[in-house]
Structures are given as C-alpha cells and as structure tokens.
There are 2 protein chains.
Amino acid sequence: MAHTLDIIFAALSDPTRRAILSMLLEDDMAVTDVAAPFTTSLAAISKHLQVLADAGLISQEKRGRVKWCKLEPDALRAATVWMQGFGQFEPVNLDAFERFLESELNDTIQAP
Amino acid sequence: MAHTLDIIFAALSDPTRRAILSMLLEDDMAVTDVAAPFTTSLAAISKHLQVLADAGLISQEKRGRVKWCKLEPDALRAATVWMQGFGQFEPVNLDAFERFLESELNDTIQAP
DNA sequence: GTAATCGTCAACTGAATGGTTGAATATGCC
DNA sequence: GGCATATTCAACCATTCAGTTGACGATTAC
C-alpha cells in the first residue's frame, strides 16, 4: 500500500512524465509518437514510460512492432484519496484544469 | 507551476514524509516529537521536515528553542486538482481514509 | 555560570535517478 | 532475402537523495 503510493507519487514528480500522462489523456499513443514532441532521446522516453507502467498509471500493449500506451486513470485513485483526506476542496473546475494542463504542457514540451 | 508540482509530488513520494504529514493532521508538533516514533536519526527527520516545508506542505515556527511544525493542507490543492482531472472519483469515504492512514502509519513507524 | 535540551550544519556514504550513445531484437514492407 | 522502422538493452556519466555521525549555536533550567 505505502509501497504503491511511493511509486505513484515518485512517477508523478517528473514534469516529462506528467506531460506524457496529459498527452495520453486525449488518446492512446505509440512510444515513438509519445517521444516526438520532446527533445530528449527515445530511450529516455521509453524509460519514463516504464516508470509510468510500473506505477500502474499507464498500460502498454504491443501490437505488431508498435507498443501502444494507454492511460490508466484508476491508478490515481489511491493517491487522490490519500491527498483529499488532508483537506476538503471544492469540486474541480475542469475548464480551469484544461487551461492549466495546456500551460504545463507548453512549459514542458518544446515548440516545433 | 510545474515546478511546484514537481516538488510537492517528490515530497509525497517518501513514506516517512507521508507519515509525518499524517501525524501533523492531528496536531502541531515540535521537531523532536515528530522524530520520536521513528528509528532514523533526528537530523534525518529534520531534513524531511525541510523538504516538506520547501514544498509548502508544512510551516515551521520557532518559539524559544522549540520549532513547531504545522500542516498546511492548502498546498495539496494544486496537486489534487491536477490528479482529479484524470478521472472523476466518487466522494472520499473519510472513515476508510482514516483506516488507511492508520495502517500506513503502522507500516512506517516502529511500535515502541 | 554551568549543564542539559532543541535543532541544524557539515562532511561523508551508498543507492537511485535521468540522461546519453550505440548495439541488439523484433516486426513489417517490397 | 534485405532493408527500414519500432523499441529496448547495456554501459556509462553526473546529479540527487536518504541516511549517518559529530560538532556547533541557541535557548532554557538549575
């Protein structure tokens, strides 16, 4: 249990990995396509994806030579529950969330 | 922004630090008292508290020779909002949360 | 004043992390 | 078969992290 939270929070602590999760929020993607917007090497992104998969935040399925990455939002439940226990926040404003995500993506990913 | 989430999630990824936050949920505490249940050194706990303070998750105020540590749950808001965007979870069951916290504390802190 | 208490600092260690490059392994295409 | 594409592996490097121990600066108590 504590073990799982360790790994989930550690996975979320990296901006590249959070950016990847945001990208996968829109659609499943192949590893190469996930890596495309980043300046770091493909191997580095592959490692990040492994970290996310170990945390249960994404799943990966190989079809042919392409490995598809899929968001697994349920893995965030334990972490969300843990955090909500420390303060009751009003319901999330999803519009604000989307604007926030967008600005975080812009900070993390280089413009083409 | 992304910077803040980095630091908050990294702070939460350590079980000792999460245990400290749980302890502070009940009451403000002095550094020495925070350290008491742990087997690690006082200096190590002092460092953990600095990490939590840097993340804004606690505040520290020195009165006399005692430094008091206080939970600052609002710092979790940004992180909670970020995570909730990935899935709409039902309202938190606080009883379940308390049981969970207790079991996590028992896993992290040595019985006297 | 002197001694005990509270907490941090400094220097060190071992392990983990994020990154690189180049080779290796599959798989698909012609 | 032969070549291109997709992804990971292996080895390496620099940095960060959690922990230790011992010394040190404050503050309180006697």
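The chains referred to below are lettered A, B, ... by the order of the sequence lines, with proteins before strands, and numbering in each begins at 1.
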Whole angstroms only, please: what is the [atom1]-[atom2] distance between [X] and [N]?
X     : N      : atom1 : atom2 : result
A:F9  : C:dA16 : CZ    : P     : 21 Å
B:D54 : D:dC17 : CG    : P     : 11 Å
A:R17 : C:dT17 : CZ    : P     : 9 Å
A:F38 : C:dG18 : CZ    : C1'   : 14 Å
B:L49 : C:dC6  : CG    : P     : 15 Å
B:W68 : C:dC6  : CH2   : C1'   : 12 Å
B:I45 : C:dG7  : CD1   : P     : 12 Å
B:M29 : C:dG7  : CE    : C1'   : 15 Å

Hydrophobic cluster membership, with links at side-chain heavy-atom distances under 4.5 Å among I/L/V/M/F/W/Y: are A:L21 and A:F38 in one?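 Per the 4.5 Å side-chain linkage, A:L21 and A:F38 are co-clustered.
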Indicate if B:L25 and B:V51 have the same hydrophobic cluster label, given that clusters are the connected sets of ILVMFWY residues with side-chain heavy-atom separations under 4.5 angstrom.
no
Rounded at 0.5 Å granularity, tell me how far [atom1] in [X] sits from [atom2] in [Y].
X     : Y     : atom1 : atom2 : answer
B:M83 : A:R77 : CE    : CZ    : 11.0 Å
B:M29 : B:L49 : CE    : CG    : 10.0 Å
A:I58 : A:W68 : CD1   : CH2   : 13.5 Å

**Prompt:** For D:dG19, does either OP1 or OP2 sit under 4.0 Å from a side-chain N or O belonging to B:H48?
**Reply:** yes
Rounding to the nearest 10°, end axes of the helix from C:dG7-D:dC24 to C:dC30-D:dG1 built from five pairs each make an angle of 30°
Are [X] and [Y] close enough that some pair of their side-chain heavy atoms sits under 4.5 Å apart?
X     : Y     : result
B:M23 : B:P37 : yes
B:H48 : B:V34 : no
A:P15 : B:L5  : no

* Asked: Using a heavy-atom distance cut-off of less than 4.0 Å, which residues of residues 55-67 of chain A contact DNA chain C?
  ->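 Those residues are A:G64, A:R65.
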Scan nucleotides 20-25 of chain C against the protein and return all N/O pairs shorter than 3.5 Å with their distances rounded to 0.1 Å.
| residue | atom | partner | partner atom | Å |
| --- | --- | --- | --- | --- |
| C:dT20 | OP2 | A:S41 | N | 3.0 |
| C:dT20 | OP2 | A:S41 | OG | 2.8 |
| C:dT20 | O4 | A:K47 | NZ | 3.3 |

Checking the side chain of A:S22 only, and the main-chain atoms of A:R18 only, is there a donor and an acceptor separated by less than 3.5 Å? yes
- Message: Which heavy atom of A:D6 sits nearest to which heavy atom of B:D14, and what is that distance?
- Response: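 Smallest interatomic distance, heavy atoms only, reads OD1-C, 4.5 Å.
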The nucleotide from D:dT8, C:dC6, C:dG18 with an atom nearest the side chain of A:D14 is C:dG18
Exactly one candidate in B:L71, B:L52, B:D74 meets side-chain contact (heavy atoms from CB on, under 4.5 Å) with B:L57; the answer is B:L52
